[in-house]
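Data block below; observations after.
Values below: every heavy atom of this structure, side chains too, minus hydrogens, waters and symmetry copies.
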Amino acid sequence: MSTNKELKLLKRYFGHKSFRPLQAQAVEAIINGKDLLMILPTGGGKSLCYQLPAISMRGVAVVISPLLALMHDQVTALKANGIEAEMLSSMQDTEELKSIEYRLLEGEIKLLYIAPEKLSNIYFQNFLRQLDISFFVVDEAHCLSEWGHEFREDYRKLSILRQLFPDKTIASFTATATPQVKKDIINQLKLNNPIVLKGSLFRSNLTIHIKDRIDNGHRQLLSFLYKNRGESGIIYTSSRKQSESLANYLREKGFKSDAFHAGLEVEEKRRVYKEFVADRINIVVATIAFGMGIDKSNIRFVVHMSMPKTIESYYQEIGRAGRDGLESETLLLFNSQDIIRQNRFIEELPDGLYKQTIIQKIAKMALLCRGDECRHRQIALYFGDNITPCKNHCDNCKNPSVKKRDITIEAQKMLSAIYRTGQKYPLRYIIDLLRGSKDKSILENEHNKLSVYAIGKEYNRSQWLTIADKLLEINGMDINEYSHPYITHTGKEILLGNIKVDIASNRLKT
């Protein structure tokens with residue numbers, strides 16, 4: 001419950017008369033000295049949840065963030081609102097660093113932004129001990145989890161916070177977290193009986209379209225843009241070269257567009273950012289380097305010219321549209337070459353849990369692209385939520401006329417085979433079992449004697465893989481870290497006959 005003091009600060013510094021959902025609870029938790037994990041989708045107002053308590057409380061709040069550009073933007077915005085904020089980074093000269101350190105010791109700064117690697121510095125650790133610290137903030141907290149999509153070694157070391165400052169509150173924030181990542185954040189940061197706040201994943205003002213990409217997708221893109229002419233939007237591409245060539249192409253077609261990527265000079269990036277925020281250009285064609293912390297609420301559309309690496313990335317990026325609550329659209333153009341390209345990117349990663357996790361995440365993203373279930377529901381299931389189909393906010397729900405086929409029996413056959421073999425064999429083995437293969441390993445395990453052996457001869461391998469995809473889409477089964485399918489709660493209900501499974505008929509064609 002917010003006090004008059006916090007509401008006055010909200011109005012004075014942020015221009016709002018009331019809090020958005022969950023913001024008041026987060027502010028209250030921090031002010032009361034409670035550890036916090038907040039999972040709030042992009043555009044939900046996470047930053048205010050720690051910025052307001054920092055103003056209200058005595059001392060300085062230390063904010064750990066992974067991106068210098070994001071920290072710079074937040075500090076600039078806070079200063080513009082009359083809030084004393086600074087960042088310490090390797091990009092600053094000695095004179096500037098010393099000046100900020102002096103002001104910190106004098107208690108003149110309310111929010112200090114630092115990169116995670118800064119905490120590994122012994123000098124800086126000792127310096128922090130001299131400050132009156134109100135609390136610590138770990139932003140983009142998913143970066144510390146090997147189960148996450150943007151794992152960073154420097155984030156993993158943040159467990160040192162509890163060791164160095166055992167009595168200080170730690171507030172962690174992320175836009176996305178699967179149940180595994182959520183648990184990992186709490187364990188790694190050693191959060192003490194934390195308040196966990198999780199916002200709704202369903203953005204009712206976002207309509208999701210995912211289509212097979214034809215050639216380079218330019219014709220499909222133009223058709224989409226003509227429908228949204230004059231509106232602000234972001235188009236994500238997979239490379240710097242593509243972002244520049246596509247921005248040029250759109251300018252030739254009469255659109256006010258510019259490219260943005262990590263290879264541009266700092267001044268050019270600032271120019272594009274400012275022109276976009278000021279509506280002097282409508283479209284930014286970018287790599288994933290663009291959009292983090294962008295202060296622009298009227299983005300009406302987000303387009304992906306190819307498949308993102310993970311559902312986490314995709315959800316964060318489309319979340320940059322419609323932050324003002326008005327209707328907005330998203331478009332993803334996809335083909336199978338995208339999966340090959342994404343897998344090629346991760347080949348150089350060292351073998352281990354993180355690499356295996358990313359391989360699985362790419363597979364889940366591909367399932368979202370190919371699936372015929374409600375797109376919003378598939379995303380929610382991925383993050384551990386179960387929502388009803390959106391009805392009218394994704395292409396799958398807007399086109400219910402697609403002919404469906406009941407495959408409940410086939411789904412039960414696959415789940416039974418997984419169960420009968422102890423849920424410890426890869427999917428290809430399960431399919432071989434269902435199709436009655438005389439493979440050496442099946443015979444040696446005597447699985448040819450099981451009741452499920454050869455009960456699926458009527459389908460070929462490709463069709464069984466499609467049935468498996470459907471079960472993964474609806475969370476009837478999942479894949480563990482050993483690449484073995486296992487049965488979920490929903491899968492048990494399917495086996496019991498309490499849940500029916502259907503699929504678009506054209507997906508099971510030979």
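- More than 12 non-hydrogen atoms from other residues, nucleotides or ligands lie less than 6.0 angstrom from NZ of K46.
- Every residue two or more places apart in sequence or in another chain that forms a side chain to side chain donor-acceptor pair (under 3.5 Å) with S441 is listed here: D439.
- Figure legend: cation-pi geometry between K296 and F276, with NZ or CZ positioned under 6.0 Å from the six-membered ring centre and within 45° of its axis.
- Side-chain contact annotation: R323 with N298, donor-acceptor N/O pair under 3.5 Å absent.
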*Test log, rule side chain to side chain donor-acceptor pair (under 3.5 Å), inputs H142 and E312*: CA-CA 10 Å; H142 57 271; E312 286 97 332; over 6 Å; no

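- In summary, K34 and E28 do not engage in a salt bridge, as defined by a charged side-chain N under 4.0 Å from a carboxylate O.
- Applying the 6.0 Å contact sphere to CZ of R341 captures more than 12 heavy atoms from other residues, nucleotides or ligands.
- Across all non-hydrogen atoms, the minimal contact from R251 to S257 is NH1-O, 2.9 Å.
- For the residue pair Y382 and K361, a side-chain donor N or O sits within less than 3.5 Å of a side-chain acceptor on the partner.
- Salt-bridge annotation for D279 and K256: absent, with no side-chain N of the basic residue lying under 4.0 Å from a carboxylate O of the acidic one.
- Between the CD atom of E373 and the CG atom of L472 there is a distance of 12.0 Å, given to the nearest 0.5 Å.
- Q356 and S483 form a side-chain donor-acceptor contact under 3.5 Å, judged by distance and modelled atom types alone.
- A donor-acceptor pair shorter than 3.5 Å can be found between the side chains of Y459 and E410.
- The cationic group of R229 lies under 6.0 Å from the six-membered ring centre of F255 and within 45° of the ring axis, placing it in a cation-pi geometry.
- Classification of the F151-Y354 ring pair by plane angle, with boundaries at 30° and 60°, yields tilted.
- Note: Y429 and Y425 have parallel aromatic rings, judged against thresholds of 30 and 60 degrees for the angle between ring planes.
- The pair E329-K398 does not meet the salt-bridge criterion, since no charged nitrogen lies less than 4.0 angstrom from a carboxylate oxygen.
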